[in-house]
Enquirer: 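Below is a structure I'd like to ask you about.
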Amino acid sequence: MSQAPHKPNRSIERLRYVLCIRLFSRPKRGILNTNRKTKVSLKKVCEPPGPKAKEWVKRDSAVLSPYNRPYYYPMVVEKGHGCIVEDVDGNEYIDFNSGLGAMNVGHCHPEVVKAIADQSKRLLHYSYTDFYYRYAVELGEKLQKITPGSFPKKVFLSGSGAESIEAFAKVARWHSKRPMFLAFTGAFHGRSMGALSFTASSIVQKARYFPTMPGVEHVPYAYCYRCPYKQTFPDCDYWCVDFIDDWVFKKFMPPQETASILIEPIQGEGGYIVPPKDYHRRLKKLMDKHGILYTVDEVQSGMGRTGKWCAIENFGVIPDIVCMSKALGGGISLGATIGRAEIYDWAPGSHCTTLGGTPVACEASLATMRIIEKEKLKENAVKQGEYILKRLNEWVKKYEIIGDVRGKGLMIGVEIIKDKKSKAKDGDAAHDIIHHAWKKGVVAIGAGENCFRIAPPLMITRDYVDAGLDALEESIKEVMKK
Ligand SMILES: Cc1ncc(COP(=O)(O)O)c(C=O)c1O
């Protein structure tokens, strides 16, 4: 495992602070209430957003469609190396979101960069769905190995997470000849019309887009901190699973017409929600009873993020179909839908793609997986994740506004509330914390209505973890003082 972020050559090293605890904000009264000194050195050139950033934001808003930005803060990214990103003015930050979960091996890992550069000289594109090339075969073989289950599998390569979901929906309908699907409240599966039909994490993502694809019904996810059924675990005895059989399948959704369930093993955009241990096992048993496929969306939780190649492995369940993307391509667009071989019985031409699984994406992906294995990044995700959760559990005791902390490996969420008694969601405070942390040199983002996520590249070391957490903790205190 690499012990430090990959450092590029820098001709001009402008101003470099060696900071204790507060990273960007130099403490006025010494370090905080800890003896720990994080040896993290981040470059700070100016107060963000700097002049160049402001200029790019102005040009951006004149030409690009409005997206989420500047929902969190106006961060104009210029470079990245390891777990560090640098803005256009030269300020450095610790990346606590991995570029929306896509940079698991860190930014610009030299081996990924080399694989991309080498492949760019050989072949950029030739569409593997109409012709053949070895890069797709090699990636398919690797994906067969790293996904759960030792049975024969087949792989469809595409260009994004949403496309991996589209392929799943089509192949599941084709194979089963059943039209319906079961999905979950809080789920995020992408924004293309098919994928959007499964997404249910925020109303703004769906409003004015109906009708989406018909045939998808949603049931509540196992969100024990805020059980939608107002039950308490473990006394509930997994009522959220039994409800499906007792009500959904008996009242309005014929199980014999249901092709597949689609579920995130750990819910991501919905708030980094970890279901209880037996949840997936029970759900799988129920789906098996009705001959319904079990499909997991590992777009965000896969590729070692939770300490396993696929997060579902943490729950001892073998799915029928796995959707992957984000970190799969090591920074290049790539999606994959991996299923039991017999499911892929669709006729040639039933589903194809032009630029899915390009040679460059395949090589970047294979290099990414080699690095995860060679540098033991899954193991590091577990080690750093356990340490982070230990620190966060202290926050729950210390701070009234920290409601719940949860996660697996380096997929960790912190839920912000108004107070412990009411548990009322405080999205504004979560937003403020993220904003304060950015000013201190940490790029964190939200999840759900009132959470922020801690999801750094898997190669992050303890020093950087501590420095990032210290900045977040200081931000929490500042927001509480308001
Ligand atoms: C779990 C999950 N599925 C699917 C997607 C959609 O991926 P993409 O944005 O590549 O279409 C996302 C994106 O955040 C995701 O988190």
Side-chain angles (χ1 to χ4, degrees), residues 65 67-69 71-72 97-104 156-170 172 181 183-202 204-206 209 212-213 216 218 221 223 260-275 280 295-306 309-312 314 319 321-338 353 355-358 361 364-365 368 407-413 444-448 451-455:
S65 148
Y67 303 98
N68 283 337
R69 301 160 294 130
Y71 183 68
Y72 298 116
N97 78 92
S98 302
L100 300 194
M103 303 312 298
N104 285 9
F156 179 82
L157 298 174
S158 55
S160 69
E163 283 178 73
S164 75
I165 301 296
E166 298 289 339
F168 135 72
K170 288 175 80 175
F181 294 97
F184 291 84
T185 53
F188 189 86
H189 299 292
R191 298 175 186 255
S192 54
M193 277 299 185
L196 186 64
S197 325
F198 295 93
T199 289
S201 87
S202 167
V204 71
Q205 293 159 357
K206 301 203 76 157
Y209 293 133
T212 52
M213 182 185 86
V216 182
H218 290 85
Y221 195 77
Y223 185 4
S260 182
I261 193 171
L262 176 63
I263 189 162
E264 292 163 272
I266 294 173
Q267 224 173 48
E269 303 301 306
Y272 275 41
I273 299 161
V274 185
H280 285 287
T295 301
V296 287
D297 180 342
E298 296 273 3
V299 167
Q300 185 159 174
S301 57
M303 289 297 281
R305 176 139 300 277
T306 68
W309 282 117
C310 293
I312 193 67
N314 294 296
I321 302 178
V322 178
C323 300
M324 297 180 86
S325 186
K326 288 199 190 265
L328 177 67
I332 304 287
S333 292
L334 182 64
T337 310
I338 307 114
T353 170
L355 279 162
T358 62
S365 181
T368 299
K408 276 248 178 267
L410 286 170
M411 186 169 183
I412 296 173
I445 60 173
C451 307
F452 63 81
R453 56 186 105 175
I454 299 175

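When a ligand or atom number is given, it counts from 1 through the structure's own listing order.
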Enquirer: Any non-hydrogen side-chain atom of Gln300 less than 4.5 Å from a side-chain atom of Tyr272?
Expert: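 Yes, side chains in contact.
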Enquirer: Within a strict 4.5 Å, meaning less than it, do heavy atoms of the Phe188 and Asp297 side chains meet?
Expert: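 Sidechains of Asp297 and Phe188: no contact.
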Enquirer: Give me the nearest non-hydrogen protein atom to atom 2 (C) of ligand 1 as residue plus atom name, then the distance to 0.1 Å.
Expert: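 Here the closest protein heavy atom is Phe188 O, 3.3 Å.
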Enquirer: Which is it for Glu163 and ligand 1 at heavy atoms under 4.0 Å: side chain, backbone, both or neither?
Expert: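 Neither part.
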Enquirer: Is any N or O atom of Gly190, backbone or side chain, closer than 3.5 Å to an N or O atom of ligand 1?
Expert: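 No; every N/O pair is 3.5 Å or more apart.
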Enquirer: Any atom of ligand 1 sitting under 4.0 Å from a heavy atom of Lys326?
Expert: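 Judged by the 4.0 Å heavy-atom criterion, Lys326 does count as contacting ligand 1.
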Enquirer: Side-chain contact test, heavy atoms from C-beta onward, threshold under 4.5 Å: evaluate it for Thr353 versus Leu157 and give yes or no.
Expert: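 Thr353 does not reach Leu157 side chain to side chain.
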Enquirer: Would you mind running through ligand 1 and noting each atom that sits below 4.0 Å from a heavy atom of Ala162?
Expert: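 Those of ligand 1 that fall under 4.0 Å from Ala162 are 6 (C), 7 (O), 8 (P), 11 (O).
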Enquirer: Under 4.0 Å from any heavy atom of Asp297, which atoms of ligand 1 are there?
Expert: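 Every atom of ligand 1 under 4.0 Å from some heavy atom of Asp297: 1 (C), 2 (C), 3 (N), 4 (C).
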Enquirer: Here's a test for you: under side chain to side chain contact (heavy atoms under 4.5 Å, CB included), which of Val216, Ile263, Ile165 qualifies with His189?
Expert: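 Answer after filtering Val216, Ile263, Ile165: Ile165.
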Enquirer: Between the main-chain N or O of Leu100 and the side-chain N or O of Lys326, is there a donor-acceptor pair closer than 3.5 Å?
Expert: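 A pair under 3.5 Å: yes.
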Enquirer: How far is atom 7 (O) of ligand 1 from its nearest protein heavy atom, and which residue and atom name does that atom have?
Expert: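 Nearest neighbour among protein heavy atoms for atom 7 (O) of ligand 1, to 0.1 Å: Gly161 CA, 3.3 Å.
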Enquirer: For atom 16 (O) of ligand 1, is some protein heavy-atom partner under 4.0 Å away?
Expert: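 True for atom 16 (O) of ligand 1.
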Enquirer: Counting both backbone and side chain atoms, is some N or O of His189 under 3.5 Å from an N or O of ligand 1?
Expert: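 N/O-N/O distance under 3.5 Å: no.
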Enquirer: For the side chain of Tyr209 and the backbone of Met193, is there at least one donor-acceptor N/O pair under 3.5 Å apart?
Expert: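 Not a single qualifying donor-acceptor pair exists.
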Enquirer: Could you check whether any side-chain N or O of Arg305 sits under 3.5 Å from a backbone N or O of Leu410, counting only pairs where one atom can act as donor and the other as acceptor?
Expert: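 Confirmed, Arg305 side chain pairs with Leu410 backbone.
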